[in-house]
Protein chains: 2
Amino acid sequence: MEGSAPRRTRIQQEKRELILEAALEVFSANGFRGSTIDQIAEAAGMSKPNLLYYFRRKEDIHETLMQRLLDTWLAPLRELDDIGDPLTELRSYIRRKLEMARDFPRESRLFANEILQGAPRIKPMLEGELKTLVDEKAAVIKGWMRAGKIVRTDPWHLIFSIWATTQHYADFDVQVRAVLGADRGGNGRFEDAARFLEQLFLDGLKPKG
Amino acid sequence: MEGSAPRRTRIQQEKRELILEAALEVFSANGFRGSTIDQIAEAAGMSKPNLLYYFRRKEDIHETLMQRLLDTWLAPLRELDDIGDPLTELRSYIRRKLEMARDFPRESRLFANEILQGAPRIKPMLEGELKTLVDEKAAVIKGWMRAGKIVRTDPWHLIFSIWATTQHYADFDVQVRAVLGADRGGNGRFEDAARFLEQLFLDGLKPKG
DNA sequence: CTAACGTTTGTCCAACCGGTCAAAAATTTG
DNA sequence: CAAATTTTTGACCGGTTGGACAAACGTTAG
């Protein structure tokens, strides 16, 4: 039985990867409408008609890119598990998300761009798959709260705040680097951010006793 | 002595306002490159050449919009003051920022769009005016830390985290509403967010004792 | 070799888009 | 009123963009 994905030659596989890599670069920097097929083709080292041989429409590239993105993008949350110690679990979720902001900033920006424009292409997924996943994990977190392992609060907004604070370092990177300046804006900023976020989420700002 | 702003008739004032309002709507929803002069003109209820009579180029609209935005956008941070109680000051800064996300989501998205694309038009302002302001306020916060009023941590990343968590509710509004669902995604979400953020920033997640 | 198949490219097109321009319409001024 | 000035519009233009297409090129199998 053949899967739903069309069978492809080795060259097609490779060229499609090349195009997707180039498109990620271009789309994440300029947005969908701000990017041209020519730009992507040039970044992929081929002619425009050649690119259109592998992807019939500009939208197809974006769609493929978005589908792949979502899987890897939600992986850290999927890993959030009921097994270990709650605070440790949350701490490592934050760390994983921050690492993704550091290692895959283009993916983060591509996603941010899509949401900013009202998520025209992935709204169904947000209301379906994403909501289901978040509700599921919110239930896990609620369990931790009932068990007194973490403070009682709103699990959904907790997840939002983790997304916001970590993705900020990818999406608003220019601003972060501008404000930190040349000396503190180097690669150390992610370690500083990790330390800060750990402290914020665990203990907040109020001094003890 | 005449100011640097050109003198304008009453009609010019009004029409320019009309255009800027329409442009805010269109730009914040589609980004700069994703927006056309025709869209803005239609939203402002006038013809394209008529619009171009008031703003010679598309970029001029965006630039004017951006200049106005920045003043109001940074107002809450400017108000952060050394006078009152530190924790109260921070709490009301967070509240003000969240209110801006609620009341001016288009402005937030316009700004986010600009930063996401690498801030091509406002980078100098980020490295100049913004950095100066943030450094100044970071010094104030450091003073609070030295006085033991709030816990010792990185003031810059603290400010980033406040920006990120509050603006998230404007910039990622579609996602927030999708995940919360019809029942909890109503107007109450901002109050829920306010309660959550207050708790997070003050006490963190670790249970007492 | 050659037929079949997969890949690449030059050329072209229609739609769109930012911006111009001259002339008409409306408004203000005297 | 009429002249002067401001505002509005239809028509147009050059450049860009997404995409089509047929022909050329390369590769592989018989």
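So that the names make sense, note that chain A is the first sequence line, chain B the second, and so on, each numbered from 1. None of the values given here were measured: they were computed from a predicted structure.
- Looking at heavy-atom distances under 4.0 Å, B:Leu52 makes contact with a base.
- Comparing A:Pro49 and A:Tyr53 along DNA chain C, the residue whose closest nucleotide (by nearest heavy atom) sits nearer the 5' end is A:Tyr53.
- Here A:Lys15 lies in heavy-atom contact (under 4.0 Å) with sugar-phosphate atoms only.
- As a whole-Å value, the separation of B:Lys48 NZ from D:dC13 P is 14 Å.
- Using a cut-off of 4.0 Å between Lys/Arg side-chain N and Asp/Glu carboxylate O, B:Glu89 and B:Arg96 are scored as not salt-bridged.
- For the pair B:Leu51 and A:Ile37, nearest-nucleotide mapping onto DNA chain D gives the more 5' position to B:Leu51.
- In the set D:dT8, D:dT17, C:dC17, the nucleotide with an atom closest to the side chain of B:Thr36 is C:dC17.
- Between A:Phe32 and A:His62, the ring planes are perpendicular. Angles over 60° get that label, and only those under 30° would be called parallel.
- Ion pairing between B:Arg106 and B:Glu21 holds under the 4.0 Å rule for side-chain N and carboxylate O.
- Ring geometry, A:His168 versus A:Phe172: the interplanar angle falls under 30°, so the pair is classed parallel (tilted spans 30 to 60°).
- The CD atom of A:Gln39 sits 12 Å away from the P atom of D:dT16 (whole-angstrom rounding).
- Computed from coordinates, the A:Asp60 CG to D:dG18 C1' distance equals 12 Å when rounded to whole Å.
- Between the CZ atom of A:Phe55 and the P atom of D:dG19 there is a distance of 13 Å, rounded to whole Å.
- In this structure, B:Asn50 atom CG and C:dG18 atom P are separated by 17 Å, rounded to whole Å.
- Counting to the nearest Å, the C1' atom of C:dG18 and the NZ atom of B:Lys58 are 8 Å from each other.
- For the pair A:Met46 CE and C:dT7 C1', the interatomic distance rounds to 11 Å; values are reported in whole Å.
- For B:Gln12 and D:dT5, the CD to C1' distance is 11 Å, given to the nearest whole Å.
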